[in-house]
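So the structure is just underneath, and the comments pick up after that.
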Amino acid sequence: MPSTSRKAQQMPTATKGNPFQVHAPIKTSGAGILPQETSSLSIVADSPVILKILQNWVPRVSPYFDKEHYTYVGRQIVIQESIEHFGAVVWPGALALSQYLESNQERFNLKDKQVLEIGAGTGLVSIVACILGAYVTATDLPEVLENLSFNISSNIQNMNIHKPEVRKLVWGESLSEDFPSSAYHYDFLLASDVVYHHTALDPLLETMVYFCQPGTVLLWANKFRFSTDYEFLEKLSSIFDTTILAEFPESNVKLIKATVREN
């Protein structure tokens with residue numbers, strides 16, 4: 001997630017520590033909404049799954065007030081946060097996307113895939129993608145990269161996984177110079193809570209369009225707070241084929257899949 005240079009001063013406080021339970025996926029019928037018998041997180045065809053965020057937060061007695069412990073894919077992940085940048089805080093979209101990737105490995109198999117995360121923030125989603133076997137490039141603004149690099153390197157050391165790359169990426173700037181399309185093609189583009197009340201929405205959309213080539217799957221999880229969030233989703237849907245894969249009503253988070261529209 002971008003830093004304060006891209007944000008207004010209106011952001012909710014991150015919530016931590018509650019052991020949420022998962023809603024069963026739902027489907028509709030002529031009789032109304034019926035719960036499915038399974039408690040699986042797999043997708044219901046043509047209908048978004050209704051979920052709660054499993055924050056996987058592990059309480060620890062620690063002298064560091066700025067570190068949070070999570071568990072994904074059987075691994076403990078320690079995230080160092082910072083109050084200096086909004087991009088150095090774990091927001092609900094990152095929790096939702098991490099949970100979804102962990103729970104839907106057959107549908108979205110990241111093993112040996114090229115994955116780019118934009119607005120990577122603390123690096124939680126990139127770390128989960130690495131553990132799932134992806135070749136990950138985690139990107140954000142220059143002022144966020146130090147904490148991002150620290151979190152990624154400290155969590156993947158001694159793991160037998162593809163080593164990720166951390167790079168600067170300012171939305172809409174120097175895309176073809178820094179990431180020429182002839183040399184870079186990503187199977188997955190990941191983004192979480194990159195849309196909020198800031199002035200960089202057009203450059204963000206430009207960046208998504210640039211990196212989403214034929215065959216690329218964009219997975220975007222976002223807490224919907226403002227009318228501008230829905231307006232961005234409308235613009236995205238006018239360019240890409242989009243599907244809402246899951247919704248997390250208690251957190252106001254939606255998870256959207258987007259792919260290049262076929263002619």
Side-chain angles (χ1 to χ4, degrees), residues 19-27 36-58 69-79 90-138 151-152 155-165 185-193 211-212 215-222 241-248 251 253-259:
F20 292 123
Q21 299 299 314
V22 181
H23 278 305
I26 63 170
K27 59 182 179 182
Q36 281 190 296
E37 295 178 358
T38 177
S39 60
S40 167
L41 297 182
S42 60
I43 294 177
V44 181
D46 302 321
S47 177
V49 181
I50 306 301
L51 305 172
K52 290 184 181 179
I53 291 178
L54 293 173
Q55 292 192 340
N56 293 358
W57 180 76
V58 182
H69 297 70
Y70 301 90
T71 301
Y72 289 99
V73 203
R75 301 276 189 169
Q76 179 175 294
I77 300 172
V78 181
I79 296 296
V90 177
W91 298 106
L95 298 172
L97 184 51
S98 296
Q99 173 183 323
Y100 193 86
L101 292 174
E102 176 188 32
S103 303
N104 290 269
Q105 296 178 47
E106 290 188 7
R107 183 176 177 90
F108 298 106
N109 182 7
L110 301 188
K111 185 172 176 57
D112 296 330
K113 298 298 194 299
Q114 296 289 336
V115 172
L116 175 70
E117 184 181 10
I118 59 174
T122 63
L124 177 62
V125 173
S126 284
I127 293 166
V128 171
C130 284
I131 297 172
L132 291 171
Y135 292 92
V136 174
T137 302
N151 281 331
I152 290 180
N155 279 283
I156 66 163
Q157 60 184 354
N158 303 322
M159 287 190 191
N160 185 25
I161 58 177
H162 305 306
K163 303 307 180 187
E165 183 179 10
H185 180 278
Y186 296 98
D187 301 297
F188 290 92
L189 177 63
L190 306 180
S192 61
D193 278 323
F211 285 112
C212 281
T216 302
V217 175
L218 166 63
L219 295 176
W220 164 45
N222 215 90
D241 286 329
T242 58
T243 304
I244 298 178
L245 297 176
E247 297 188 14
F248 302 76
S251 305
V253 171
K254 300 180 190 297
L255 174 59
I256 293 105
K257 170 190 171 185
T259 55

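Just the heavy atoms: all of them, side chains too, but no hydrogens, waters or symmetry mates, feed the values below.
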So which heavy atom on Asp193 is nearest to which on Gly93, and how close? OD2-N, 2.6 Å
Kindly write out the residues that satisfy side chain to side chain contact (heavy atoms under 4.5 Å, CB included) with Thr259, not counting sequence neighbours, or none if the list is empty. Val217, Asp241, Lys257
On a heavy-atom basis, which atom in Tyr72 and which in Gln99 lie closest, and how many Å separate them? CE2-N, 3.8 Å
Looking only at heavy atoms, what is the nearest atom pair of Ala138 and Ala120, with distance? CB-CB, 4.0 Å
Supply the atom-to-atom distance Ser251 OG to Asn222 CG, rounded to the nearest 0.5 angstrom. 12.5 Å
Given side chains that start at C-beta, do those of Thr137 and Tyr186 come closer than 4.5 Å, heavy atoms only? yes
Rounded to the nearest 0.5 Å, how far apart are OG1 of Thr216 and NE2 of His185? 4.0 Å
Look up atom CG in Asn109 and atom CZ in Arg107, then write down how far apart they are to the nearest 0.5 Å. 13.0 Å
Using side-chain contact (heavy atoms from CB on, under 4.5 Å) as the criterion, point out the one residue from Thr122, Thr71, Ile131 that pairs with Ile77. Ile131
If we only count heavy atoms from C-beta on, is the Val125 to Leu101 side-chain gap below 4.5 Å? yes
OH/Tyr70 to CG/Asn155 distance, rounded to the nearest 0.5 angstrom? 11.5 Å
Less than 4.5 Å apart, side chain to side chain, heavy atoms only: is that true for Tyr100 and Val128? no
Hey, is the main chain of Val73 close enough, under 3.5 Å, to the side chain of Glu102 for a donor-acceptor pair? yes
With Asp112 via side chain to side chain contact (heavy atoms under 4.5 Å, CB included) - residues at least two apart: Tyr135, His162
Measuring from Asn151:CG to Leu124:CG, what's the distance to the nearest 0.5 Å? 9.0 Å
Got a second to check how far Gln114's CD is from Leu189's CG, nearest 0.5 Å? 13.0 Å
Could you report the tightest heavy-atom contact between Leu97 and Ala191, atom names first, then the distance? CD2-O, 3.8 Å
Pairwise side-chain contact, Val136 with Leu110, heavy-atom cut-off 4.5 Å (strictly under): no
From CA spacing to verdict: side-chain contact (heavy atoms from CB on, under 4.5 Å), Ile152, Ile127: CA-CA 6 Å; Ile152 290 180; Ile127 293 166; 4.0 Å; yes
Could you check whether any side-chain heavy atom of Pro164 comes within less than 4.5 Å of a side-chain heavy atom of Ser126, counting everything from C-beta outward? no
